[in-house]
Amino acid sequence: MTTMRDPDANPNTGPAPIDPMAYYFQDILLLNNPKAVRLYLVRHGESESNAARATGEPSTYDPPLTEMGRKQAERVGERLAREKVDAVYASPLQRAYNTGNEVAKRLGLEVRVIDDLQEINEPLRKSGDAPDGAIALPPGVTHDDIKRKFEADPVWDNIPGSEKSGPFRKRIVRAFDQVIEECPGQKVAVACHGGVIQAYVAHVLGVRTDFPIYTFNASITSIRAAGDRRAIWRVNDLAHLDGLRMT
């Protein structure tokens, strides 16, 4: 009877420390790396502007959470308290800060504010006699023109008056790099905004679009980070919102 030889017994190949396939993956995905930071990117709960947009009304700069948003924030607070996160960071805008505080207060932590985690600066609205706070458009340009251009190339650069994609990504990457540097090997909740999470996921994936995913309110997107490597572990985790309306 012929016996198959163990390929790792061949001195020319050298033995794999563990199962070869797992060995190949572990550094790419930051498996079992004690220095990796576990980032839990939390979109704030439903805000009054989120609710307004659902009925076609304009948003405001720093809206509070709705009653539903507060319930969503409580659920995410309970979820990440069970994960025993070591630190909580947040945007200074109240919808994000108050969502992060639902995590922090359950663990006796203080929310650390980073200004660069603020949402994308959207176009300024017309004032005076412009109806419904309409967005100011360049002469001769219609909303349909902008929509077609944006659908062909979904980046913030194609929204007149918006903060540009490059500076936006630069500041949020700077913010997350600060968190990673300050919290080696820790679990960290970062309460921020849909645009921030979308752009950071796009940055990690290395894609041009600023809209690679839709980010639900109070969802958790998990990214591991060590050195220059980033690995996406999950996107839009909503298990903690079971029974609540998803927004």
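Just so you know, residue 1 is the first one in the sequence shown, and it goes up from there.
Applying the salt bridge (charged side-chain N to carboxylate O under 4.0 Å, His left out) test to every pair with at least one member in residues 212-226, sequence neighbours left out, gives no pairs at all. Under the salt bridge (charged side-chain N to carboxylate O under 4.0 Å, His left out) criterion, the residue pairs touching residues 37-48 are E46-R245, with sequence neighbours excluded. The stretch residues 188-216 participates, sequence neighbours left out, in these salt bridge (charged side-chain N to carboxylate O under 4.0 Å, His left out) pairs: D153-R208, R169-D210.
Remark: K105 engages E102 in a salt bridge (Lys or Arg N to Asp or Glu O under 4.0 Å) (not counting sequence neighbours). Partners of S222 by side chain to side chain contact (heavy atoms under 4.5 Å, CB included), not counting sequence neighbours, listed by chain and number: Y40, W233, R234. The salt bridge (Lys or Arg N to Asp or Glu O under 4.0 Å) test applied to R229 returns no partner, not counting sequence neighbours. Scanning for side chain to side chain contact (heavy atoms under 4.5 Å, CB included) contacts around V76 gives V42, L80, T99, I220, H240, with sequence neighbours left out. Residues forming a salt bridge (Lys or Arg N to Asp or Glu O under 4.0 Å) with R75 (at least two apart in sequence, or on another chain): none. A search for ring pair (Phe, Tyr, Trp, His ring centres under 6.0 Å) contacts involving F211 returns F150, W156, not counting sequence neighbours. Taking the side chain to side chain contact (heavy atoms under 4.5 Å, CB included) definition, one finds that E181 meets it with nothing, sequence neighbours left out.
Side chain of S219 to backbone of L238: no donor-acceptor contact under 3.5 angstrom is found. Checked by atom type and distance alone, the side chain of N236 never pairs as donor or acceptor with a backbone atom of T221 at under 3.5 Å. The backbone N or O of Y97 lies less than 3.5 Å from no partner atom in the side chain of N101, so there is not a single donor-acceptor pair. With hydrogens and angles disregarded, no donor-acceptor distance shorter than 3.5 Å links the side chain of D157 to the backbone of I159. The backbone N or O of A175 sits nowhere less than 3.5 Å from a side-chain atom of D116 that would complete a donor-acceptor pair.
Residue G100 comes nearest to V88 through the heavy atom pair O-CG1, 3.5 Å, listed as atom of the first residue, atom of the second, then distance. When all heavy atoms of R95 and S47 are compared, the pair lying nearest together is CD-CB, 3.7 Å. A226 and N33 make their closest contact through CB-ND2, 4.0 Å (heavy atoms, listed as atom of the first residue, atom of the second, distance). Nearest heavy atom pair, residue V155 against residue S165, reads CB-OG, 3.7 Å. Between A189 and V103, the closest heavy-atom pair is CB-CG1, 4.4 Å. A87 and C183 get closest at one heavy-atom pair: CB-SG, 4.2 Å.
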Steps toward salt bridge (charged side-chain N to carboxylate O under 4.0 Å, His left out) verdict (E67, R70):
CA-CA 5 Å; E67 180 60 31; R70 288 189 288 273; 2.7 Å; yes
Report the C-alpha separation of L137 and H143 in whole Å, then their side-chain angles, then the decisive distance to 0.1 Å, and conclude whether the side-chain contact (heavy atoms from CB on, under 4.5 Å) test is met.
CA-CA 8 Å; L137 299 181; H143 287 294; 3.7 Å; yes
Derivation and outcome, side-chain contact (heavy atoms from CB on, under 4.5 Å), residues L244 and D242:
CA-CA 6 Å; L244 288 182; D242 185 40; over 6 Å; no
Stepwise side-chain contact (heavy atoms from CB on, under 4.5 Å) check, N50 with T247
CA-CA 8 Å; N50 295 145; T247 59; 5.9 Å; no
Take F25 and Y23, measure what ring pair (Phe, Tyr, Trp, His ring centres under 6.0 Å) needs, and give me the verdict at the end.
CA-CA 6 Å; F25 295 158; Y23 178 60; over 10 Å; no
If you apply the rule salt bridge (charged side-chain N to carboxylate O under 4.0 Å, His left out), what do you find for R82 with E78, and how did you get there?
CA-CA 6 Å; R82 291 195 296 272; E78 293 165 358; 5.0 Å; no
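Side-chain contact of Q186 with D86: a donor-acceptor pair under 3.5 Å is absent, judged by distance alone. For the residue pair Y89 and E182, a side-chain donor N or O sits within less than 3.5 Å of a side-chain acceptor on the partner.
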Can you list, pair by pair, the side-chain donor-acceptor contacts under 3.5 Å of residues 194-205, counting residues two or more places apart and other chains?
| residue | atom | partner | partner atom | Å |
| --- | --- | --- | --- | --- |
| Q198 | NE2 | I213 | O | 2.9 |
| Y200 | OH | R230 | NE | 3.4 |

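Within 6.0 Å of atom NZ in K164, more than 12 heavy atoms from other residues, nucleotides or ligands are found, so the atom counts as buried in its surroundings. More than 12 non-hydrogen atoms from other residues, nucleotides or ligands lie less than 6.0 angstrom from NZ of K187.
Put simply, CG on D177 and CD1 on I172 are 10.5 Å apart, with the number rounded to the nearest 0.5 Å. Taken to the nearest 0.5 Å, the SG atom of C192 stands 6.0 Å off from the CG atom of L117. The structure places CG of N217 at 11.5 Å from NE2 of H193, a figure rounded to the nearest 0.5 Å. Separating the CG atom in D237 from the CG atom in L241 is a distance of 8.5 Å, to the nearest 0.5 Å. For the atom pair D145 CG and T142 OG1, the distance stands at 3.0 Å (nearest 0.5 Å). Note that CD1 of I223 is 11.0 Å distant from CG of L30, once rounded to the nearest 0.5 Å.
Between R53 and E57 there is no salt bridge, since none of the side-chain N atoms of the basic residue sits less than 4.0 Å from a carboxylate O of the acidic one. Using a cutoff of 4.0 Å between basic side-chain nitrogens and carboxylate oxygens, K71 and E74 are not scored as salt-bridged.
Clustering ILVMFWY residues whenever any of their side-chain heavy atoms sit less than 4.5 angstrom apart, transitively, puts V173 in the very cluster that holds V37. Under the 4.5 Å side-chain contact rule for hydrophobic residues, V190 and L109 do not share a cluster. Grouping the Ile, Leu, Val, Met, Phe, Trp and Tyr side chains by contacts below 4.5 angstrom, directly or via other members, places L65 apart from M68. Side-chain heavy atoms closer than 4.5 Å link hydrophobic residues (I, L, V, M, F, W, Y) into clusters, and following such links, even through other members, never connects L41 to L107.
Side-chain atoms of P92 and Q118, non-hydrogen and from C-beta on, do get closer than 4.5 Å to each other. Residues P160 and I146 are in side-chain contact: their nearest non-hydrogen atoms beyond the backbone lie under 4.5 Å apart.
Think of Y61 as one node in a network of Ile, Leu, Val, Met, Phe, Trp and Tyr side chains linked at under 4.5 Å; its network also takes in L93.
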